[in-house]
Amino acid sequence: MTEKDFLPNTYKKWPKEGKVSWKAPSNIALVKYWGKKPNQIPANPSISFTLDACATTTMVSFEEKAAIDSFSFELLFEEKPKPDFKPKIQTFLERIEAYLPFLKKYHFTIKTSNSFPHSSGIASSASGMAALALCFMEIEKQLTPQMMDDHFYTKASFLARLGSGSACRSIKGSLVEWGYHEPISSSSDLYGIEYPYEVHSVFQKYCDTILLVHKGQKQVSSTVGHQLMHGHPYADNRFQQAHANLDKLRPILANGDVEEFIKIVESEALTLHAMMMASMPYFILMKPDTLEIINKIWAYREATKVPVSFTLDAGANVHMLYPEAYKEKAIQFIKDELAQHCENGGYIHDQVGHGATKIKS
Ligand code: PMV
């Protein structure tokens, strides 16, 4: 599919007003997306677990307005106006208007809330942009009642990508691949797809406990981080490595080889941060407690053979990953040894989920 496939046909109906609501989950990448081309096109393919507990719920009410020369919306985050989110939404609307030409016809009230605590250091852009894209698609569906489900979800992912790249992996579950990768014929730079190959049951219920090392704003945004991959001395090798890791994961995901899974996932996390440290200007998003936790995970795994592992996002928090069968042991380990490295002892248990859900209004 190309961008043109997401331009709508003529709308059949124009409701005067309405209300739609969707809940979209966060996701955690196993093979990381870091570096992009114009138009939110990823420099390399990535794959992620869709999460379950960490999610954003968004309700959009819309009413017809007289003037159609500009966007009109108000934004409530956790029941309160949130002016600092507005520029991001404005940019999002500008980027997607060509694909949703009804956007200037309505005034929108957007009410959004996260299941995870405010300023927990968990990025809400993936779940937030995915939930908003789904709400807009729900409105488009009212204008185009014959729309097929497949198109609905693919276009929602396509739109979410234009809000925040990794958001395109927050529509469906449980494993989502995004970015063109030759061996996966249905893969695309434009949207995420449900991973089309066999996935062993161990990975369908994998657990992710997010250890909240640092809840504040990170000092370098991912937008800036992606830009620093332009002219980066190791960029080309890194992009090739992501393709290779995706290939290596295929048999591992199919046969449930947790040991080999860990090698790729931990290497991906450290490579992501190595890219940050080797860019110009260079920066470090890990904190001393991030490293303490990583070392403790390695020591515990070595001593007990319990297959706990870690991955990192573009921040200091650690995602501890483990099979569901080891949940009790993992939780005990967290309480005994890791919680002390978290800000105010905070962590959030999550696990692989099945994608976004429509909320009945
Ligand atoms: O979606 P963005 O532009 O915030 O980039 C996210 C990049 C990482 O979270 C670091 C990796 C990934 O693939 O999710």
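In what follows, every heavy atom counts, from backbone to side chain, and hydrogens, waters and symmetry copies are set aside. Both counts, for ligands and for their atoms, begin at 1 and track the order of listing.
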Student: Any atoms of ligand 1 less than 4.0 Å from a non-hydrogen atom of Gly165? List them with their elements.
Tutor: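 Per the distance check, 1 (O).
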Student: Checking side chain to side chain contact (heavy atoms under 4.5 Å, CB included) between Val202 and each of Lys205, His200, Gln204, which is the one that passes?
Tutor: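 Of the listed options, the one satisfying the test is His200.
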Student: Any idea how Trp34 and His226 line up, ring-wise: parallel (<30°), tilted (30 to 60°), or perpendicular (>60°)?
Tutor: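 Taking His226 first and then Trp34, their aromatic rings sit tilted (interplane angle of 30° to 60°).
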Student: Under 3.5 Å, N or O to N or O, is Ser166 touching ligand 1 that way?
Tutor: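 N/O-N/O distance under 3.5 Å: yes.
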Student: What do you reckon, does Lys36 put a non-hydrogen atom under 4.0 Å from ligand 1?
Tutor: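 Judged by the 4.0 Å heavy-atom criterion, Lys36 does not count as contacting ligand 1.
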Student: Looking at ligand 1, does any of its N/O atoms fall within less than 3.5 Å of an N/O of Asn27?
Tutor: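 No.
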Student: To the nearest 0.1 Å, how far is atom 12 (C) of ligand 1 from its closest protein heavy atom, and which atom is that?
Tutor: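 That would be Arg169 NH2, 3.3 Å.
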Student: Between Phe203 and Tyr206, how do the two ring planes meet: parallel, tilted or perpendicular, split at 30° and 60°?
Tutor: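 Tilted: the ring planes of Phe203 and Tyr206 meet at 30° to 60°.
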Student: Show the atoms of ligand 1 that are less than 4.0 angstrom away from any heavy atom in Ala314.
Tutor: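 The atoms of ligand 1 under 4.0 Å from a heavy atom of Ala314 are 10 (C).
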Student: Any chance you could lay out the side-chain contact (heavy atoms from CB on, under 4.5 Å) test for Glu78 and Ser113, step after step, and finish with the verdict?
Tutor: CA-CA 5 Å; Glu78 266 139 36; Ser113 60; 3.8 Å; yes
Student: Starting from atom 5 (O) of ligand 1, which protein heavy atom do you reach first, and at what distance in Å?
Tutor: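 It is His226 NE2, 3.0 Å.
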Student: Of the protein's non-hydrogen atoms, which lies at the shortest distance from atom 7 (C) of ligand 1, and what is that distance?
Tutor: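 Among all protein heavy atoms, the one nearest atom 7 (C) of ligand 1 is Tyr33 O, 3.4 Å.
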Student: Heavy-atom pairs closer than 4.0 Å: do any link ligand 1 to the side chain of Ser222, the backbone, both, or neither?
Tutor: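 Only the side chain of Ser222 comes within reach of ligand 1.
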Student: Which word best sums up how the rings of Trp178 and Tyr33 line up, parallel for under 30°, tilted for 30 to 60°, or perpendicular for over 60°?
Tutor: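 Trp178 and Tyr33: perpendicular rings.
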Student: Could you check atom 9 (O) of ligand 1 against the protein and tell me its nearest heavy-atom contact, residue, atom and distance included?
Tutor: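 Of the protein heavy atoms, Asp313 OD1, 3.0 Å lies nearest.
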Student: What part of Ala29 sits under 4.0 Å from ligand 1 if we count only heavy atoms: the side chain, the backbone, both or neither?
Tutor: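 The side chain, only.
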Student: Go through the steps for Asn237 and Gln241 under the test side-chain contact (heavy atoms from CB on, under 4.5 Å), then give the verdict.
Tutor: CA-CA 6 Å; Asn237 279 336; Gln241 181 197 40; over 6 Å; no
Student: With only distance considered, is Trp34 within less than 3.5 Å of ligand 1 through an N or O on each side?
Tutor: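 No - when backbone and side-chain N and O of Trp34 are compared with those of ligand 1, no distance drops under 3.5 Å.
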Student: Can you classify the ring geometry of Phe6 versus His151 as parallel (below 30°), tilted (30 to 60°) or perpendicular (above 60°)?
Tutor: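 Because their plane-to-plane angle is under 30°, the rings of Phe6 and His151 count as parallel.
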Student: Tell me, with the steps shown, if Ile297 and Leu338 meet side-chain contact (heavy atoms from CB on, under 4.5 Å).
Tutor: CA-CA 9 Å; Ile297 287 175; Leu338 303 184; 4.3 Å; yes
